[in-house]
Structures are given as structure tokens and as C-alpha cells.
Asks: 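The structure follows.
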There are 2 protein chains.
Amino acid sequence: MGKDGMGSYTVGLDIGGTKILGALLDPAGEVVATVRRPTVHGADGLVTGAAEAVRDVVASGGVEVGVLAGVGLGIPGIVDHRSGTVRHAVNLGVHDDELPLAELLSEQLGGVPVVVENDLNVAAVGAAHVLERTAEPDGPGGDGDAGAHEDLAFLALGTGLASGLVLDGELRRGASGAAGEIGHIPVDPLGPECPCGQRGCLERFASGKALEAAWPARHGRPAPVELFEAARAGDQEAIEVRDRFADAVASAVRLLVLTTDVRHVVLGGGVAQLGAELLDVVQDALREQAKVSAFLGSLRLADRVRLAPTHVPVAAVGAAVLGRRG
Amino acid sequence: MGKDGMGSYTVGLDIGGTKILGALLDPAGEVVATVRRPTVHGADGLVTGAAEAVRDVVASGGVEVGVLAGVGLGIPGIVDHRSGTVRHAVNLGVHDDELPLAELLSEQLGGVPVVVENDLNVAAVGAAHVLERTAEPDGPGGDGDAGAHEDLAFLALGTGLASGLVLDGELRRGASGAAGEIGHIPVDPLGPECPCGQRGCLERFASGKALEAAWPARHGRPAPVELFEAARAGDQEAIEVRDRFADAVASAVRLLVLTTDVRHVVLGGGVAQLGAELLDVVQDALREQAKVSAFLGSLRLADRVRLAPTHVPVAAVGAAVLGRRG
């Protein structure tokens with residue numbers, strides 16, 4: 001067994017406001033079992049529910065908690081990965097100033113090491129893990145060495161807009177854990193006010209919330225689905241809203257590449273459930289943006305974009321990968 | 001002697017359009033000699049001039065070329081650090097499709113390994129090297145371990161706007177060598193056209209060229225000097241131009257931190273020769289921006305900004321550091 005726990009089973013949990021997704025990784029890094037449970041809100045429910053999710057997924061995989069080298073958790077909210085604590089995870093009903101989640105869960109699991117990370121970081125690590133195992137050595141900037149580390153931004157188009165970064169195979173947290181918070185970069189001095197206090201933040205144009213404001217759901221389905229359907233049916237207004245949204249997402253991709261020059265930008269989050277239809281319009285928008293600029297064209301932005309893997313719970317997988325280092 | 005050449009002398013050259021700056025690093029990483037020579041344009045002049053600069057600075061330091069573990073070069077233009085070639089370094093009179101600069105210089109120096117890197121990357125590495133040796137363990141996000149690796153963006157306010165990144169002590173080049181090219185991120189849909197083909201690029205607001213367009217030199221001195229002098233003397237228009245410029249530089253700092261969360265942003269390039277006066281207005285602008293947003297405030301942007309060291313030729317030092325890995 002290596003220093004990083006490679007060679008052991010680990011579990012990762014992606015803990016969201018409504019559900020917990022879990023994954024068991026085997027010693028080779030393959031997903032051998034997954035689990036899905038409703039989230040129980042509040043500190044006690046959270047810890048107990050997480051412990052049960054771990055036991056469930058371990059049992060599904062035919063092993064026992066005792067064999068785990070570690071457990072990783074992905075949580076929305078302010079996470080201190082060094083102390084394993086979570087603050088103000090309001091979505092999860094955690095209002096405590098500081099919940100020592102890693103410590104409490106580890107106790108319930110008989111001392112298995114537990115690490116805690118924010119949800120975008122685990123998603124980025126998970127996407128990198130899955131992409132590395134389905135290597136495409138000929139990506140942009142690819143130098144043909146299939147063993148190269150993954151290098152990507154996971155761009156989460158959820159209610160808000162934010163990203164997680166894996167650079168040269170390493171999770172980039174940054175000096176204050178704010179790496180990837182591109183949603184609050186202003187891109188239009190005359191743009192709408194943002195709840196963050198600034199004006200014209202990228203999130204006001206490229207997020208599920210922005211899309212819903214421009215095209216509220218009228219038929220009880222998710223707003224992105226209704227919008228893309230109307231656009232496909234030829235509704236001019238829908239086409240315009242869709243294309244403006246795609247252009248904004250393309251601007252987020254451009255911003256990520258012009259700053260970090262990541263090899264891949266992986267589209268995830270709720271809006272990305274649109275799948276290929278979203279990928280198409282975002283790639284079209286990137287090609288359109290590149291038409292005016294040879295410099296942008298040389299960066300082959302459209303080729304860098306892909307959809308988050310859907311055959312595995314990618315954030316849970318990332319949490320399990322980080323669990324190896326617990 | 002370590003694997004990375006630590007323990008040997010190295011030389012770094014910062015080759016610009018008008019001058020070559022050189023630095024000799026001793027085995028402990030200290031700058032023991034520097035040199036400054038005019039740049040001779042064209043491929044032959046460039047190679048011969050660089051070789052002479054190396055011999056000069058080595059002689060000033062009382063050692064010989066034969067003791068060098070490597071030489072590093074920083075060059076404006078498109079550099080392939082793997083092959084040691086340079087393309088279209090128009091500033092240097094190099095119009096060849098591809099000049100094998102590392103190979104040619106190495107031949108003139110009796111086989112000493114030579115590495116080539118772009119000018120922003122060497123500046124970032126140099127700034128990190130100098131800051132690490134004057135450690136301030138209490139910076140934002142600092143965790144008190146003075147031995148921590150440097151983590152910074154070198155923000156070059158030259159004719160254009162671009163940055164070099166050292167993340168967790170490692171130079172970040174990116175998948176296609178475009179990391180840090182933030183000058184061409186659009187930040188105003190109604191902004192002026194940019195020579196790159198886009199509109200409202202950050203460089204159109206936060207660069208020496210942008211400043212000069214807004215406040216052309218009238219008295220034969222550098223435009224930034226004249227602008228800041230007029231502002232200091234109370235000229236209302238100058239104050240406005242200066243503050244708009246400071247706000248644009250602050251926006252560049254914010255963009256870098258919200259993407260990469262670098263611990264420090266180091267202001268360099270021609271405009272940074274203004275020194276403390278520039279730092280003051282940029283920090284004021286950052287504090288002003290943070291007033292509207294508790295989120296921005298929590299990132300302590302103003303505390304992260306500092307001026308590039310001026311007591312050593314920082315880009316040449318960075319080239320010498322990279323020369324260790326030749």
C-alpha cells in the first residue's frame with residue numbers, strides 16, 4: 001500500500017441539500033458500488049446519515065468498514081479541509097459556527113480517517129479521476145503522453161456559478177480556499193446587481209438562476225429543459241435567451257482558460273443535465289467568439305469543453321479519491 | 001548537489017527589446033553579480049550578445065562558465081520551453097519561424113545546458129524566489145509556516161497586461177502556455193475594441209498603453225510619471241484618469257484571486273516603476289471595491305498586493321532559478 005492509501009478501499013460521499021450520493025472505490029480506483037439516500041438535515045442527522053451511507057455502500061460492495069483506508073466528504077459551504085470542520089452549511093441545516101464533521105463521522109465509523117472538502121473541489125477531483133481512466137492523449141495541448149496528469153476546471157452550472165480546479169493532477173484550493181470562485185468576477189459594468197454586492201458578476205449571466213430569471217419554467221419542468229425545448233421548436237425569444245446563456249457560459253470557459261490554461265473544462269451542475277444539447281450550444285458560442293480573434297482561435301477553446309461523466313456520481317468519486325489521502 | 005542543480009552556480013538572462021539584464025546565482029541561491037547590456041537584434045546578434053552577457057556576469061562573480069549548472073533565458077514572444085525554441089520574437093528582431101535559441105547558446109558556452117522561458121514566467125519565478133527568501137509568514141492565508149512555498153501572480157503592467165503564475169511553488173504554464181494571459185479577458189461588452197479582435201479586454205483599461213492613451217505624455221517623461229504628478233498636484237482630470245486606472249488594475253487583481261486564489265499579487269512591469277504611489281492607489285481601489293461586498297472583503301485583496309522587488313533584476317533571477325532545472 002502506497003503512502004497515499006492507493007491499494008485500499010475508500011468511500012466518498014457527495015452530501016447535498018436533498019440527497020447523499022456515495023461511491024466505493026476499490027484498490028485499483030474503480031467504482032464498485034454506489035448509494036443514494038435522502039439528506040437528514042441538522043448536525044446529528046447529517047453525521048448519522050453519512051455513517052449509514054458509508055455502511056450501505058460498503059455492504060453493497062461486499063466489504064466491511066474496517067477495510068477502508070479513508071472516507072472523503074464533499075459538502076457545500078465553507079469547509080476547512082485541514083481541521084475537517086464545516087461552517088454555515090445552511091443548505092444542510094447546519095447553523096453551528098463550526099461543526100467538526102470529520103471527527104464526528106470518524107468516531108461513528110470506528111476511527112476510519114475522514115477528510116472534508118468543498119463540493120466543487122471533490123467534483124473536480126472526481127472528473128479528473130474519471131477522465132484519466134478514459135485517457136484521450138490527443139487533447140489540446142496534449143503531448144501524447146497518456147500517463148499525463150489530468151488538468152481541468154469543473155465548471156458547475158448550478159443555482160450559482162463556480163468551479164473547481166485540478167492543475168497538473170493536483171487539487172488547487174488556493175491561499176484562502178477561494179480558487180475557482182469565478183462567479184463573482186464582474187464582466188459588465190452596467191450589468192445587474194449581484195447578491196454579493198457587486199454589479200454584473202459572471203454568475204448573473206451564466207448560472208441556473210440567471211437562466212431561470214430569463215426563462216421561468218411554465219410547465220412544471222426544470223427551466224433549462226423548457227427553454228431548450230422551446231428554442232428547438234423555433235421560438236425566437238427562447239433561441240435568443242438560450243444563445244445568450246451559451247455565450248455567457250462560453251465567457252466563463254474563456255476566462256478559466258485565459259487565467260489557468262486548463263486542458264479541459266468540464267461542464268457540470270444541474271444545467272449540465274441537458275447533456276449534448278448544452279455542450280453543442282456552448283461549443284458553438286466558443287467558435288463564434290473565436291471568429292473575431294486569431295489569438296482566441298489558437299487556444300481551441302471549443303475542443304477543451306466536455307460534459308461531466310454521468311455514468312458515475314463524479315463528486316462522490318472525487319471525495320473517495322481524496323479519502324485516500326486522509 | 002541535488003537533482004535540480006541546487007548547489008551550483010547558474011546564470012539567468014532577461015532579454016528585452018532594448019537591454020539584456022543578467023544575474024549570477026550562487027549555490028545558496030543568492031544573487032552575487034548582475035550585468036546590463038544593450039540587446040543586439042537579429043538571431044546572430046541575440047545569441048552572441050547573450051553569450052557575452054553570460055561571460056560578463058560570470059566574470060563579475062569571480063567564477064567561470066565551466067562551473068555553471070545551467071543558464072536560463074527569459075524572452076518576450078512565443079517560447080517552447082521543451083525544445084528551447086523561440087518564434088516571432090519581433091521585439092528582438094527575430095522573424096525566423098523558429099529559432100533554436102537554447103541549442104545555439106549552449107554551443108557558444110561549451111555545452112552548458114540552457115533553458116528558455118517566456119518573460120512573464122521568469123518574472124513570476126524570480127519574484128517567488130526573492131519573496132521566499134524574505135519570508136513573511138503572516139500574509140493572507142498564511143498558515144505560519146515560513147518554509148511554505150511561494151504562491152503568487154506576477155502582474156506585469158507593461159505596454160500590455162499579462163501575468164505569470166507560481167502556484168504552490170510551481171510555475172504554472174498551462175496546457176498551451178497561455179496561463180496568466182488575463183489581458184484578453186473581456187470585462188466590458190461596450191468597451192473599446194482590442195487589437196486581439198475582441199472588445200473591452202482588460203488590457204484596454206489596465207496597461208501602460210491604456211494609461212498613455214488616456215493621459216499622453218506632454219513633457220517628455222513617461223506617461224505614468226506625468227499622470228501621477230498631475231494628480232498629486234490636484235488636477236481633477238488627472239485624478240480621475242489615475243483612479244480609473246487604479247480601479248482597472250484592482251479588477252485584474254480581483255480576477256486573479258477569484259480564479260487562482262494566489263497568496264500574493266506582485267505588481268511589475270514599466271508602470272510599476274511608479275513604486276509606492278502605484279501600490280497605494282491600487283490598494284485604495286481594492287478597499288473601495290470590497291466595501292460593497294462582504295465576500296470580497298473576506299479575501300483581503302489589498303493585503304495580497306505588493307511591488308516587485310527592485311533591488312535585484314527579478315526576471316533575470318527567475319531565469320537563473322529555472323536554469324537550475326536545465
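A note on names: the letters A, B, ... follow the listed sequences, proteins ahead of strands, and every chain is numbered from 1.
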Asks: If the contact rule is any heavy atom under 4.5 Å from chain B, which residues of residues 247-256 of chain A qualify, in numerical order?
Replies: A:Arg254, A:Leu255, A:Leu256

Asks: Select all residues of residues 283-295 of chain A having any heavy atom within less than 4.5 Å of some heavy atom of chain B, and report them by number, or 'none'.
Replies: A:Val292, A:Ser293, A:Ala294, A:Phe295

Asks: A:Asp261 and B:Ala178: which non-hydrogen atoms are nearest, and at how many Å?
Replies: OD2-N, 2.7 Å

Asks: With only heavy atoms counted, which part of A:Ile185 is less than 4.5 Å from chain B, the side chain, the backbone, both or neither?
Replies: both

Asks: Do you know which of A:Arg172, A:Glu170, A:Glu181 has the most heavy-atom pairs under 4.5 Å to chain B?
Replies: A:Arg172

Asks: If you define the side chain from C-beta out and look only at heavy atoms, does anything of A:Ile182 sit under 4.5 Å from B:Thr259?
Replies: yes

Asks: Give the interface residues of residues 198-209 of chain B toward chain A, defined by a heavy-atom separation under 4.5 Å.
Replies: B:Gln198

Asks: Would you name the heavy atoms of A:Val262 and B:Ala175 that are closest together and state the gap between them?
Replies: C-CB, 4.3 Å

Asks: Less than 4.0 angstrom from a charged side-chain N to a carboxylate O is my criterion; do A:Asp168 and B:Arg173 meet it?
Replies: no

Asks: Taking heavy atoms only and a threshold strictly under 4.5 Å, list by residue number the residues of residues 187-196 of chain B that touch chain A; give 'none' if the list is empty.
Replies: B:Val187, B:Asp188, B:Pro189, B:Leu190, B:Cys196

